[in-house]
Amino acid sequence: MTSASFVDLAPAADRLTRLLDGVTDDRLEAPTPCADTTVGALLSHLLGLAEAFRAAAAKEPDLGAPPAVQPPLDPQWRTLLPSRLDALVAAWGDPAARDGMTSAGGVQMPAAAMAAVALDELVLHGWDLARATGQAYAVDQESVQACLGFVEAAAQPEGVPGLFGPPVPVPADAPVLDRLVGLSGRDPAWTPAASVSR
């Protein structure tokens, strides 16, 4: 992914932000499509990754790998997460952010590739949050297509530790978002009820 093919993070971040009003406090302990991850833990993860990828865009020092145990959800998450997502979008909106190398989570890579990882995190975790809280999720097709290209290049039959689980088979004619979700190791048919009944 070059700077010329950079996909604006704003639509995906905006779609994620609009989901937050639909997250009621009684859902914070509910399951998500991410194994052993509650809604609250997913929100805490989003808080951390938004800041980490903002810092990567600004070429600030990398604070290293994320903690093995997700920290408790900040009680101010309803205002803090939208603010961090706005800062993330603004940081990557600077063309200089996409040049050279940068690092996040202890991983160094070309900055343009790091932007693709950030976009993928926003799109997939937006889907996770929508599914876990029973909300519709219609992210823009440009973001989904960009993420599909990234995941297709990275996916492995056994999964990619720290990124994706083993791919879930999805029909070839399935919607592109379902194909992305399946390739990332998620079941497009996942529901909270199905998770509880296992």
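A quick note: this is a predicted structure, and the numbers were derived from the prediction, not measured. Side chains included, hydrogens not; waters and symmetry mates left out as well; all remaining heavy atoms used.
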(request) Measure from the side-chain N and O atoms of S83 to the backbone N and O of T79, and report whether any donor-acceptor pair falls under 3.5 Å. (result) no
(message) Which residues pass the side chain to side chain contact (heavy atoms under 4.5 Å, CB included) test with A57, not counting sequence neighbours?
(response) A91, W92, A97
(request) Could you tell me which non-hydrogen atom of L9 sits nearest to which non-hydrogen atom of A115, and how far apart they are? (result) CD1-O, 4.2 Å
(request) State, yes or no, whether a side-chain contact exists between P31 and T38 at a heavy-atom distance under 4.5 Å. (result) no
(message) Closer than 3.5 angstrom, by distance alone: can the side chain of R186 be matched with the main-chain N or O of L180 as a donor-acceptor pair?
(response) no
(message) Keeping D187 on the side-chain end and G182 on the backbone end, is there a donor-acceptor pair under 3.5 Å?
(response) no
(request) Give every residue pair that meets the salt bridge (Lys or Arg N to Asp or Glu O under 4.0 Å) criterion with at least one member in residues 11-21, sequence neighbours excluded. (result) D14-R18
(request) Without swapping roles, check the side chain of T37 against the backbone of L42 for a donor-acceptor pair under 3.5 Å. (result) no
(message) Between V139 and P11, is there a side-chain heavy-atom distance shorter than 4.5 Å?
(response) no
(request) Grab the two heavy atoms, one from L19 and one from Q135, that are nearest each other, plus how far apart they are. (result) O-NE2, 2.9 Å
(message) Would you say that W190 contacts D128 through its side chain, given a criterion of any heavy-atom pair below 4.5 Å between the two side chains?
(response) no
(message) Keeping R131 on the side-chain end and P188 on the backbone end, is there a donor-acceptor pair under 3.5 Å?
(response) yes
(message) Test your reading of the model: is there a side-chain donor-acceptor pair from T102 to the backbone of A56, 3.5 Å cut-off?
(response) yes
(request) Please answer whether the main-chain N or O of S103 pairs with a side-chain N or O of Q108 as donor and acceptor at a distance below 3.5 Å. (result) no
(message) Show the nearest heavy-atom pair for residues S143 and V123, with the distance to one decimal.
(response) CB-CG2, 4.0 Å
(message) Do L122 and F53 have side chains that approach each other closer than 4.5 Å (heavy atoms only, starting at C-beta)?
(response) no
(request) For atom CD of E29, decide whether the heavy atoms of other residues, nucleotides or ligands shown that lie under 6.0 angstrom number more than 12. (result) no
(message) Does any part of the side chain of P166, heavy atoms only, come nearer than 4.5 Å to the side chain of E158, both counted from C-beta?
(response) no
(message) Salt bridge check, R78 against D25: does any charged N sit closer than 4.0 Å to a carboxylate O?
(response) yes
(message) Tell me if a side-chain donor or acceptor on R84 pairs with a main-chain N or O of L47 at a distance below 3.5 Å.
(response) yes
(message) In the structure I gave you, are the side-chain heavy atoms of V23 and W77 within less than 4.5 Å of one another anywhere?
(response) yes
(message) If you count every heavy atom of other residues, nucleotides or ligands that lies below 6.0 Å from D36 atom CG, does the total exceed 12?
(response) no
(request) Check whether any side-chain heavy atom of L129 sits under 4.5 Å from a side-chain heavy atom of L43, and report yes or no. (result) yes
(request) Taking the side chain as every heavy atom from C-beta outward, state whether F150 and L119 have any pair of such atoms under 4.5 Å apart. (result) no
(message) Could you report the tightest heavy-atom contact between L73 and S44, atom names first, then the distance?
(response) CD1-N, 3.6 Å
